[in-house]
Amino acid sequence: MSSNAEGKAQDPRRSLGDFIIELESSGVGPVDTELCHLLWNECAGRALFAEAVLRAAATAGVTVEPESAAFADWVVELCPRLSLELGPGDTAAASVLAQLSAVSEPTAVRALTAVADDLLGGIGVNDPEGVLIRLHSSGMLTRVEDSVRGSLLQVPTLIAAKLRYDLTTTPDAGPVVASLLEVLIEHMESAGAVEPELLSDVLLLARHGGCWPQLLRVTEAVGIPMFLLTPRTACTAFRLLPPKTRANWPGLEFFGTLAEDIDADSAAADPARIRAAVIRHTGPGLLRSRLPAILGDSAPGEDGSGEIRPDGLPVDVIDTVRQLIGLADSGRHGDAAELGIRAAAKMPSVRGRSVVRLLTAIALHHAAESRRALSLLHEIEGPARAGHIDGDFLLPAIIAWTALISAVSGDCERADIHLALAAESSELSRACDGTGSVAARSATRPSGIVDELVTPPLRIAAALRALDRLDVQRARTEFDALSAYPELRTLWVYLPLIARTLAVLSAKSESGLLFVNDDAERYRDSGVLSAAEKDLLAFGRSMVFIALGQLRWAELDRERLSPACDARIVLDVRSKLVAGRNAEAIACADTWFYHRSLSPRSRAELAAIRAAAKLRTGDQAAAQSDFTTAVSLSTWVSSLLPLALLPLTDRSRLVDLTADSPVWAEAANEFAASFASPEQLMERLRRIGSVSVELAEAPQLNVGEAQLIDLLARGLSVAEIAGELQQVPGTVKNRLSALYRKFGVSNRADVLSRARSLGYLTP
């Protein structure tokens, strides 16, 4: 093969030695040997073309930089048109590949097969592999080795710049670029994994060609991670988009604003600073404010003009995300899930579908459809793992939400597996960025984009599983980090649940437990709670009231639980035990124990409560048998809480009665990460949760006594109470003395404290 500069003699590819001789004889002046070698590489051995480059640079008075793309793009405009003495197929192939920086051979074949038709009038490339071989042998393609991507093909810099420039002056340029974008974007959409260099080429081709629909498709195929993969190019591609384009395409408006903020914040073209700025600008609570019409300018399924779109579906991923978040914020999780399922089915890109399905799974979790949520997360975990980019949120969020939903729904094995996966990813991340331990990391900035979808569910899952293992210290560490997190949305409901469970397990006094119960109300954040989330709040409060012996208040919260929540049954039986109604507790536990609506964990709790009730009635053998069953079930569900929530005296006696049973070895094996031996596990159960009331001896008050309690709580004196009741002070004093004796106290302050503890007054 050969090439010539227009109007000059044939210029076949030269050897390096002949190339240097021809340049020196051309009159362009002495040329440095190293520079000659660079020119020989980047001009594919074409001496006449190299001569034209040197003359153009000399005329303009600029330094020759053959490997610089900026220099190449500038200088080729001053050089004569480049003609290759190649067949039409090879010429078209060279022009197509010149649009790209460095590509793998499969990508090159894909591009040639799909695009060269536009330059050949439909003839096509019948042997793309042969074309690549010929171009390589002629120097029009060189091989470069990449440590990650392997062997890549690249058109030499100066040749590529000239071919691109020449193509823009032909009428075929538009269709070629459009077809090239189409095939490359389709590849990105279907492959999931993205090559940074290829992404950079596509972004620039789409931006420079004003191909806005194609640019939007890139955002859906790659998403925000494009700013991590190719920081400079992504900012260049999306900065200062035309106002009309931004108005017509919400997705481009979103990425355009983000790019401009990142560019202003990074204050430099350094990729590391740009990546850090991306993480900052997608941090907790920041990303949703960028979504168009997030405050409800249009209802779900409508565009800005209020017109219903076909099938009520949005036009792109960003708009879908906007609608999903809007529905979730209004508590319509079921509607959000159905919208997400329908929308994802119409999205061509792997990533776009995965992001929408992730949000759909979250909506299903809030709607108490754990099985469907986990199924969706399982489907998208594989593709997300295959295309994972360091710093991206998608795979970590899938892992975190799988861990949380599994922990909440009782699939502890899956929860532990995904918590371990998250820990491995965190260790790798810390190794890369030099951060410290898990505890130290809790106070550091997020290590990835959209961290609010990753850190809160992950910490909640870790805290819940720590509570299952009675690892109070780990649960408290996770809780402290979680309570300091700036954006929780409705996940805040787990804070009071975790705080109350911690208090039941570790409080040293009744007043300390009561304080935590009251203080837990301060964690309320934002969002409309679903029925399942309201159940979490009511369950936590009822659990603490039972531990305090405030059975009346426990009952009120228990009645707030949804009919489908099996915690109602467990709380009712637990209340009967604390009230001393042992026969009723046993009968109720027997009635519900094998009911199909009961979860395995609730069944473990009923077995433990029934064992305690039988122990109190003196049936020691039956109590021992039931508690052995409770230990086995607790081991199976991987949670020690069913045992630990029993009053301490009952629990200690039951542990002692069953100490020789082999079930403890099985339990110690299940919780080996926390306990080195069965003896350590049993010792923990003998010490933890010492404050819970064993027996709430609630006096029966008549109407007059209840009224007297209320008057005392209002702070009225004896004289004021006498006036209120229209009785003489002496009668009031006698009634107060009788009231004090009924509560087993001797003064006003103590009777009020006891009345609150037993639920006769609001805490």
Side-chain angles (χ1 to χ4, degrees), residues 181-182 184-186 188-189 192 194 199 202-230 233-263 278 281-282 286-298 300-305 307 309-327 339-340 342-360 389 392-394 449-450 453:
L181 281 173
E182 183 69 23
L184 295 179
I185 293 173
E186 284 183 359
M188 290 181 183
E189 289 173 335
V194 180
L199 171 63
V202 170
L203 286 173
L204 293 178
L205 283 171
R207 175 61 193 263
H208 294 162
C211 303
W212 310 125
Q214 285 79 6
L215 193 60
L216 180 64
R217 286 174 61 190
V218 175
T219 68
E220 298 188 351
V222 186
I224 299 174
M226 72 177 74
F227 292 99
L228 304 175
L229 284 169
T230 173
T233 305
C235 286
T236 299
F238 289 97
R239 282 177 59 249
L240 304 176
L241 291 169
K244 186 175 181 180
T245 298
R246 296 172 73 141
N248 290 339
W249 304 94
L252 294 183
E253 165 66 17
F254 173 87
F255 282 96
T257 303
L258 181 60
E260 288 161 6
D261 289 345
I262 291 169
D263 186 68
V278 175
H281 284 276
T282 59
L286 297 179
L287 197 60
R288 66 173 48 233
S289 64
R290 298 182 179 277
L291 295 172
I294 193 61
L295 298 180
D297 293 344
S298 60
E302 299 179 359
D303 61 19
S305 65
E307 297 180 357
R309 300 190 182 113
D311 298 327
L313 291 178
V315 296
D316 57 35
V317 172
I318 291 297
D319 202 35
T320 303
V321 170
R322 174 189 71 83
Q323 295 192 46
L324 289 173
I325 291 178
L327 288 169
L339 171 67
R342 294 197 311 270
K346 294 191 174 184
M347 292 178 178
S349 74
V350 171
R351 181 182 176 84
R353 288 195 301 272
S354 294
V355 169
V356 170
R357 284 178 172 172
L358 168 64
L359 297 180
T360 302
I389 298 163
D392 185 21
F393 75 93
L394 183 56
I449 60 177
V450 200
L453 285 178

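The structure displayed is predicted, hence computed values, not measured ones. Quick note: residue numbers are just sequence positions, from 1.
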From Leu394 atom CG to Ile389 atom CD1, the distance as rounded to the nearest 0.5 Å: 9.5 Å
Criterion side-chain contact (heavy atoms from CB on, under 4.5 Å) on Arg217 and Glu186, from CA distance to verdict: CA-CA 9 Å; Arg217 286 174 61 190; Glu186 284 183 359; 3.6 Å; yes
For Pro242, side chain to side chain contact (heavy atoms under 4.5 Å, CB included) partners two or more places apart: Trp212, Thr245
Verdict with supporting geometry, Glu253 and Leu241, side-chain contact (heavy atoms from CB on, under 4.5 Å): CA-CA 8 Å; Glu253 165 66 17; Leu241 291 169; over 6 Å; no
Nearest-0.5 Å distance, CG of residue Leu258 to OG1 of residue Thr219: 11.5 Å
side-chain hydrogen bond (donor to acceptor under 3.5 Å, both in side chains) against Thr230, all qualifying residues, sequence neighbours excluded: Thr233
Leu229 CG to Leu199 CG distance, which is reported to the nearest 0.5 Å: 6.0 Å
Heavy-atom closest contact (Gly340 atom, Val356 atom, distance): O-CG1, 3.4 Å
Minimum side-chain heavy-atom gap Leu205-Cys211 below 4.5 Å: no
Ring pair (Phe, Tyr, Trp, His ring centres under 6.0 Å) against Phe255, all qualifying residues, sequence neighbours excluded: Phe238
Residues in side chain to side chain contact (heavy atoms under 4.5 Å, CB included) contact with Ser349, at least two apart in sequence or another chain: Glu189, Glu220, Ala221
Glu260: side-chain hydrogen bond (donor to acceptor under 3.5 Å, both in side chains) partners, not counting sequence neighbours: Arg246
Set of residues satisfying side-chain hydrogen bond (donor to acceptor under 3.5 Å, both in side chains) with respect to Asn248, sequence neighbours excluded: none
Value rounded to 0.5 Å, distance of CG in Leu339 from CG in Leu324: 5.0 Å
Contact summary for Met188 and Val222, nearest pair of heavy atoms: SD-CG2, 4.2 Å
Contact check, side chains of Trp249 and Leu215, non-hydrogen atoms, under 4.5 Å: no
Closest approach of Pro250 to Ile318 (non-hydrogen atoms, all atoms of both residues): O-CG2, 4.4 Å
Stepwise side-chain contact (heavy atoms from CB on, under 4.5 Å) test for Thr257 and His281: CA-CA 11 Å; Thr257 303; His281 284 276; over 6 Å; no
Note, Phe393 side chain near Leu358 side chain (heavy atom, < 4.5 Å): yes
Minimum side-chain heavy-atom gap Ile224-Leu287 below 4.5 Å: yes
From CA spacing to verdict: salt bridge (Lys or Arg N to Asp or Glu O under 4.0 Å), Asp261, Arg290: CA-CA 11 Å; Asp261 289 345; Arg290 298 182 179 277; 2.8 Å; yes
Closest contact, heavy atoms only, Thr320 versus Ala343: CG2-CB, 3.8 Å
Selection residues 202-211 - residue pairs positive for salt bridge (Lys or Arg N to Asp or Glu O under 4.0 Å), sequence neighbours left out: none
Asp316/Arg322 ion pair, N-O < 4.0 Å: no
Where Leu181 and Ala206 come nearest, the two heavy atoms and their spacing: CD1-CA, 3.8 Å
side-chain hydrogen bond (donor to acceptor under 3.5 Å, both in side chains) involving Arg353 - partner list, sequence neighbours excluded: none
Gap between atom CZ of Phe254 and atom CG of Asp319 - 0.5 Å precision: 12.0 Å
Distance-minimising heavy-atom pair for Ala237 and Leu203: CB-CB, 4.0 Å
